[in-house]
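As structure tokens, the structure follows; a few thoughts come after it.
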Amino acid sequence: MPFKGTIDEQTLHSKELNEQVPLLVYYPPAFTTLKKYPVLIAQDGPDYFQLGRLASTADELIQSQDIEPMIIIGIAHHRGDDRYQKYHPNGLKHSSYLRFMSNELPTYINHEFNTYLLGSGMCLIGDSLGGFVSLVCGLTFPRTFGQLILQSPFIDANVLDILYSFSGYELLKFYHAVGTEEKEYASPSGVKDFLTPNRQLASELKTKNFEYRYEEFDGNHLWSDWQKNLIPALKFIFGK
């Protein structure tokens, strides 16, 4: 199916981060400024667009009328250590990044695009450490980010502490997935278990009364597996 949307490159100056933040913006087929659209915000934006095929997957699902049209905004970081410093709870830029996410980015989106109100009209997607920071944003700012797609998120005690004290589940809708081969993922820093803590997270979330779907896919901590998992994720959040 030919790609019918458009992709634009934009830049947002962040006072919180004291830097220019590159953005990739996908506009759906037949985009018009007269219509309101939900917004999907991707951590690791360039990777989601290129390795995860997020925009092209969404474009196909929109054309087949399996999901509603949306705007997708991919947030870029500066590679290397910058990702860790922004996404990880011990990162030097983590607090500033959360302030950027909760204030500067939504303000920019609402100014530049004709979108729905915050909350149910704004979804975050992230993989691994990007999934961690997306989950923290959703639990910390549920009235801003009411929907989440978490693909093999990094889960630690920080997330669980926030989770145990959180009480606004009625504001949220989650899609959460992890690979069955992720118990012994050979990362550059050593073998890591993503499966067990994600099962622990799912066990806790299943006890809450809100729209939540947890799935385990056949695969590992890889873009090729997350790419295939995007179809059920997008259909759950944005399905007609």
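Side-chain atoms of N110 do not come within 3.5 Å of backbone N or O of F113 as any donor-acceptor pair. Of the possible polar contacts, one joining the T207 side chain to the E204 backbone as a donor-acceptor pair under 3.5 Å is found. Side-chain N or O atoms of S64 include one that pairs as donor or acceptor with a backbone N or O of L61 at under 3.5 Å. Side-chain atoms of D193 do not come within 3.5 Å of backbone N or O of E184 as any donor-acceptor pair. Using modelled atom types, no side-chain atom of N220 and backbone atom of L222 make a donor-acceptor pair closer than 3.5 Å.
In this structure, the salt bridge (charged side-chain N to carboxylate O under 4.0 Å, His left out) partners of K93, at least two apart in sequence or on a different chain, are E19, D82. S152 is linked by a side-chain hydrogen bond (donor to acceptor under 3.5 Å, both in side chains) to E182, W226, counting only residues two or more places apart in sequence or in another chain. In terms of the ring-ring contact (aromatic ring centres under 6.0 Å, His included) criterion, residue partners of Y48 (sequence neighbours excluded) are, by chain and number, W223. With sequence neighbours left out, the ring-ring contact (aromatic ring centres under 6.0 Å, His included) criterion links H94 to no other residue. Contacts of K183 classified as side-chain hydrogen bond (donor to acceptor under 3.5 Å, both in side chains), with partners at least two apart in sequence or in another chain: T196. F210 is linked by a ring-ring contact (aromatic ring centres under 6.0 Å, His included) to Y169, F174, Y212, counting only residues two or more places apart in sequence or in another chain. The salt bridge (charged side-chain N to carboxylate O under 4.0 Å, His left out) check on K4 picks up nothing, with sequence neighbours excluded. Residues passing the salt bridge (charged side-chain N to carboxylate O under 4.0 Å, His left out) test with E181, sequence neighbours excluded: none. The salt bridge (charged side-chain N to carboxylate O under 4.0 Å, His left out) test applied to E215 returns no partner, not counting sequence neighbours.
Side-chain atoms of E216 and Y214 form a donor-acceptor pair, as typed in the model, at a separation below 3.5 Å.
Cluster membership check: L129 shares its hydrophobic cluster with L105, using side-chain heavy-atom separations under 4.5 Å among Ile, Leu, Val, Met, Phe, Trp and Tyr. Hydrophobic clustering (ILVMFWY, side-chain heavy atoms < 4.5 Å, transitive): L172 and Y164 are in one cluster. Both I125 and F217 are members of a single hydrophobic cluster when ILVMFWY side chains are connected at heavy-atom separations under 4.5 Å. Follow the hydrophobic side-chain contacts under 4.5 Å out from L201 and you reach Y87 in the same cluster.
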What donor-acceptor contacts under 3.5 angstrom involve side-chain atoms of residues 97-104, with partners at least two apart or in another chain?
residue	atom	partner	partner atom	Å
Y97	OH	Q43	OE1	2.5
R99	NE	E16	OE1	2.7
R99	NH2	S96	OG	3.2
S102	OG	L98	O	3.1
S102	OG	R99	O	3.3
E104	OE1	S14	OG	2.6
E104	OE2	K15	N	2.8
E104	OE2	E16	N	3.2

Under 3.5 Å, which donor-acceptor pairs link side chains of residues 26-35 to any protein atom two or more places apart or in another chain?
residue	atom	partner	partner atom	Å
Y26	OH	D59	OD1	2.7
Y27	OH	Q10	NE2	3.0
T32	OG1	L34	N	3.1

Please output the side-chain donor-acceptor pairs of residues 229-240 that fall under 3.5 Å, not counting sequence neighbours, one pair per line with the distance.
residue	atom	partner	partner atom	Å
N229	OD1	Q151	NE2	3.0
N229	ND2	Y175	OH	2.9

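Classification of the F194-F154 ring pair by plane angle, with boundaries at 30° and 60°, yields perpendicular. In this pair, F145 and F141 present their aromatic rings perpendicular. The plane angle is above 60°, beyond the 30 to 60° band.
Salt-bridge formation is not detected for the pair D81/K86: no Lys NZ or Arg NE/NH1/NH2 atom is positioned less than 4.0 Å from an Asp or Glu carboxylate oxygen. Salt bridge present: R53 and E60 bring a charged side-chain N and a carboxylate O closer than 4.0 Å.
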Q | Pair L163-L139, side chain to side chain contact (heavy atoms under 4.5 Å, CB included): steps then yes or no | A | CA-CA 7 Å; L163 193 74; L139 295 175; 4.1 Å; yes
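For F3 against S56, the heavy-atom pair with the smallest separation is CE1-CA, 3.9 Å.
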